[in-house]
Amino acid sequence: MKMFDITGALSNGNFIYLMKGVGSTLSFSVLAIAISFIIGLGLGVIRYMKVPVASNALGFLMDVIRSVPLLLIIVVFYFGFPQLGYRFSAFGAALIAFVVFESCMIAEIVRAGLKSVAVGQMEAGLSTGFTFAETMRHIIIPQGVRSMVPSLVSQFISLIKDTSLTTIISFSELTYRSKIIYSMDSAYVLPMYVIMAFLYWIICHTLSKASKRFEVDY
C-alpha cells in the first residue's frame, strides 16, 4: 500500500487549489496584522501614558484576553455570537478574533518598546517646544518602534502560523485546503503535512529575513 504519494497529492488541480489556500492565508494575515498593529499601537500608547483609570482598566482587560487561548476566542465569535443574534462569516469571525487577541499582544510589545526609550528623549522634545503629542509622534514612537521590530516580527510570524486554527470554523486557508486534499486518499496525508510545513516555513522565513533591514543594534 502506497503511503507517500506527493505527485498524486499535487495532481488533478490540487496544486492550484492549495495555492489558493496560500493566497487566503497571506491576504488574511496581512489584513489582520495591519489592523492589529494600528489598534495595538493605540492601546500601547495609552498604557504607556498611564492614564489614571483607563490604563488600569485596559491593562486588566488585555491580561484577560491574552490569557485566553486564541482558538477559544475564534470559537466564541463564530459559534457563540449567533446565540446573541450576531452571525459572522468564517472570515469575519476569524478576523475579529485575531484582531482582538493580537491587538492585546502587540499593545504590550508597544508599551515595552516605548518604555525602553530614554526618559531624557521626552524631556528634550518638550524643551524644544513640541507638545506631548508631537514628542510622542516624532521622537518617542519612531525610536520605540525600532526596538520593537524583533518582538513584532515574532508576533506576526506567530499570527501567520495561528491562521491554521481557523480550520475549526472551515475558513478556506492553507491548512483547511490541505485537509480537504488528504481526505481524498490516505497516501496524501504525510505529503500534505510536509508540503504545509514547507510553505509555512517559506512564508515565515521570508518575513523574518525582510524584517532584518529594520533592526538596529543596541
Side-chain angles (χ1 to χ4, degrees), residues 9 13-14 16-44 46-47 54 57-110 151-152 154-186 188-197 199-201 203-204 207:
N14 289 346
I16 295 176
Y17 181 75
L18 189 64
M19 287 302 102
K20 288 182 178 179
V22 173
S24 296
T25 295
L26 289 175
S27 58
F28 176 86
S29 297
V30 169
L31 185 58
I33 287 173
I35 298 175
S36 298
F37 179 73
I38 293 172
I39 296 176
L41 180 61
L43 295 176
I46 293 174
R47 291 276 288 144
L58 188 59
F60 174 75
L61 180 61
M62 287 168 52
D63 284 341
V64 171
I65 294 174
R66 291 165 60 225
S67 300
V68 175
L70 176 55
L71 181 61
L72 179 58
I73 299 176
I74 294 172
V75 170
V76 166
F77 276 103
Y78 189 72
F79 295 107
F81 269 68
Q83 305 300 317
L84 301 175
Y86 300 96
R87 185 173 298 278
F88 302 106
S89 64
F91 178 87
L95 182 61
I96 295 172
F98 268 73
V99 169
V100 168
F101 184 80
E102 297 297 336
S103 293
C104 294
M105 302 296 288
I106 292 172
E108 285 303 296
I109 294 174
V110 170
S151 297
L152 286 174
S154 294
Q155 191 60 42
F156 294 157
I157 288 175
S158 293
L159 184 155
I160 293 171
K161 292 186 291 186
D162 284 344
T163 57
S164 61
L165 296 175
T166 61
T167 299
I168 195 172
I169 59 174
S170 300
F171 175 55
S172 190
E173 44 70 64
L174 174 57
T175 302
Y176 179 79
R177 287 178 179 248
S178 298
K179 181 179 178 181
I180 295 297
I181 293 174
Y182 71 63
S183 66
M184 301 176 185
D185 192 321
S186 60
Y188 297 167
V189 176
L190 184 56
M192 290 314 305
Y193 277 116
V194 171
I195 293 167
M196 270 195 293
L199 291 174
Y200 278 118
W201 177 79
I203 295 169
C204 295
L207 175 59

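Residue numbers count from 1 along this sequence.
- L26 CG to I203 CD1: the interatomic distance, rounded to the nearest 0.5 Å, is 4.5 Å.
- Between V99 and A32, the closest heavy-atom pair is CG2-O, 4.5 Å.
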Begin from the C-alpha positions of V76 and V68 and carry the test side chain to side chain contact (heavy atoms under 4.5 Å, CB included) through to its verdict. CA-CA 11 Å; V76 166; V68 175; over 6 Å; no
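- Nearest heavy atoms, L165 versus L71: O-CD1, 3.9 Å.
- For the residue pair Y200 and T175, a side-chain donor N or O sits within less than 3.5 Å of a side-chain acceptor on the partner.
- The two atoms that bring M192 and S178 nearest to each other are CE-OG, 3.7 Å, heavy atoms only.
- Using cut-offs of 30° and 60° for the angle between ring planes, the F28 and F98 rings count as perpendicular.
- For L84, the CG atom is densely surrounded, since the number of other residues' heavy atoms within 6.0 Å is greater than 12.
- Note: Y176 OH to I181 CD1 = 12.0 Å, rounded to the nearest 0.5 Å.
- Using modelled atom types, one side-chain atom of S24 and one backbone atom of K20 make a donor-acceptor pair closer than 3.5 Å.
- One finds the CG atom of D162 at 5.5 Å from the CG atom of L70 (value rounded to the nearest 0.5 Å).
- Side-chain contact between T163 and L174: absent, with no pair of heavy atoms (C-beta onward) separated by less than 4.5 Å.
- Using a distance-only test at 3.5 Å, with no hydrogens or angles considered, no donor-acceptor pair links the side chain of R47 to the main chain of L58.
- Across all non-hydrogen atoms, the minimal contact from S36 to E102 is OG-CB, 3.5 Å.
- For the atom pair CD1 (I35) and CD1 (I106), the distance works out to 11.0 Å, reported to the nearest 0.5 Å.
- Considering every non-hydrogen atom in both V100 and F77, the closest pair reads CG2-CZ, 4.2 Å.
- If you take CG on N14 and CE on M19, they are separated by 11.0 Å, rounding to the nearest 0.5 Å.
- Nearest heavy atom pair, residue V110 against residue G40, reads CG2-O, 4.1 Å.
- With rounding to the nearest 0.5 Å, the separation of CZ in F156 from CZ in F37 is 6.0 Å.
- No more than 12 heavy-atom neighbours from other residues, nucleotides or ligands sit within 6.0 angstrom of CZ on R87.
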From CA spacing to verdict: side chain to side chain contact (heavy atoms under 4.5 Å, CB included), F91, T166: CA-CA 9 Å; F91 178 87; T166 61; over 6 Å; no
Apply side chain to side chain contact (heavy atoms under 4.5 Å, CB included) to residues Y17 and I180 and explain how you reach the verdict. CA-CA 10 Å; Y17 181 75; I180 295 297; 3.7 Å; yes
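- Side-chain contact, E173 with S164: no donor N or O sits under 3.5 Å from an acceptor N or O.
- Here the two rings, on F88 and Y78, have centers that are 6.0 Å apart or farther.
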